[in-house]
Asks: 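Here's a structure for you.
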Amino acid sequence: MAFIITPRAKADMLETVLYISNFNPVAARSWRREILETCRLLSQMPLMGHALEPNVSTGSLDGVRLFSKNKHLIFFKRRNADVEILRVLHAARDWPKLVR
């Protein structure tokens, strides 16, 4: 299996890298590497993490899983033979409002 990062997840990652790089560019590159390595791991073991309860009325979050990595939440789902990375958010953010 491979992983596919959605444009929204890419934007999430870029936002985090830019924020961290304001304080420590080396840490920003390390964070990005760790997240990409975790995405690769999720593509090999797509049942890792926790399944989110889908919204019954809209069907949103159907099949979406959540994996926590160093205070960040990776939202993903299986898409045929691949894993699609939907969002990468800091755990302190109001993720239920951001992930629908």
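We're numbering straight along the sequence, starting at 1.
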Asks: What donor-acceptor contacts under 3.5 angstrom involve side-chain atoms of residues 64-72, with partners at least two apart or in another chain?
Replies:
{"from": "Arg65", "atom 1": "NE", "to": "Met48", "atom 2": "O", "distance (Å)": "3.1"}
{"from": "Arg65", "atom 1": "NH2", "to": "Leu47", "atom 2": "O", "distance (Å)": "2.7"}
{"from": "Arg65", "atom 1": "NH2", "to": "Gly49", "atom 2": "O", "distance (Å)": "3.0"}
{"from": "Asn70", "atom 1": "ND2", "to": "Glu34", "atom 2": "OE1", "distance (Å)": "2.6"}
{"from": "His72", "atom 1": "ND1", "to": "Trp31", "atom 2": "NE1", "distance (Å)": "3.3"}
{"from": "His72", "atom 1": "ND1", "to": "Asn70", "atom 2": "O", "distance (Å)": "3.2"}

Asks: I need the full list of side chain to side chain donor-acceptor pair (under 3.5 Å) pairs touching residues 7-23, with sequence neighbours left out, sorted by first then second residue.
Replies: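 Every side chain to side chain donor-acceptor pair (under 3.5 Å) pair that includes a residue of residues 7-23, provided the two are not neighbours, is Arg8-Asp12, Asp12-Arg87.
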Asks: To the nearest 0.5 Å, what is the distance between CG (Leu86) and CD1 (Ile4)?
Replies: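 Output value for this atom pair is 10.5 Å.
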Asks: State yes or no: do Ile20 and Val88 share one hydrophobic cluster built from I, L, V, M, F, W and Y residues joined by side-chain heavy-atom distances below 4.5 Å, directly or via other members?
Replies: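 Ile20 clusters together with Val88.
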Asks: Going by the salt bridge (charged side-chain N to carboxylate O under 4.0 Å, His left out) test, which pairs reach into residues 19-32, not counting sequence neighbours?
Replies: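 As it turns out, there is no salt bridge (charged side-chain N to carboxylate O under 4.0 Å, His left out) pair with a partner in residues 19-32 once direct neighbours are skipped.
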Asks: Determine whether Val83 and Met13 fall in the same hydrophobic cluster, where Ile, Leu, Val, Met, Phe, Trp and Tyr are linked whenever their side-chain heavy atoms lie under 4.5 Å apart.
Replies: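 As far as the 4.5 Å side-chain criterion goes, Met13 and Val83 are connected within one cluster.
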Asks: Who are the salt bridge (Lys or Arg N to Asp or Glu O under 4.0 Å) partners of Arg40, not counting sequence neighbours?
Replies: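 In terms of salt bridge (Lys or Arg N to Asp or Glu O under 4.0 Å), with neighbours along the sequence ignored, Arg40 is linked to Glu37.
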Asks: Please table the atom pairs, donor to acceptor, closer than 3.5 Å between any side-chain atom in residues 73-81 and protein atoms at least two apart or in another chain.
Replies:
{"from": "Lys77", "atom 1": "NZ", "to": "Asp62", "atom 2": "O", "distance (Å)": "2.9"}
{"from": "Arg79", "atom 1": "NE", "to": "Glu84", "atom 2": "OE1", "distance (Å)": "3.0"}
{"from": "Arg79", "atom 1": "NH2", "to": "Glu84", "atom 2": "OE1", "distance (Å)": "2.6"}

Asks: Do Ile85 and Val17 belong together in a cluster built from hydrophobic side chains that touch within less than 4.5 Å?
Replies: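 Yes, one cluster joins them.
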Asks: Would you check, one step at a time, whether the test side-chain contact (heavy atoms from CB on, under 4.5 Å) holds for Leu36 with Ile5?
Replies: CA-CA 10 Å; Leu36 291 175; Ile5 301 176; 3.6 Å; yes
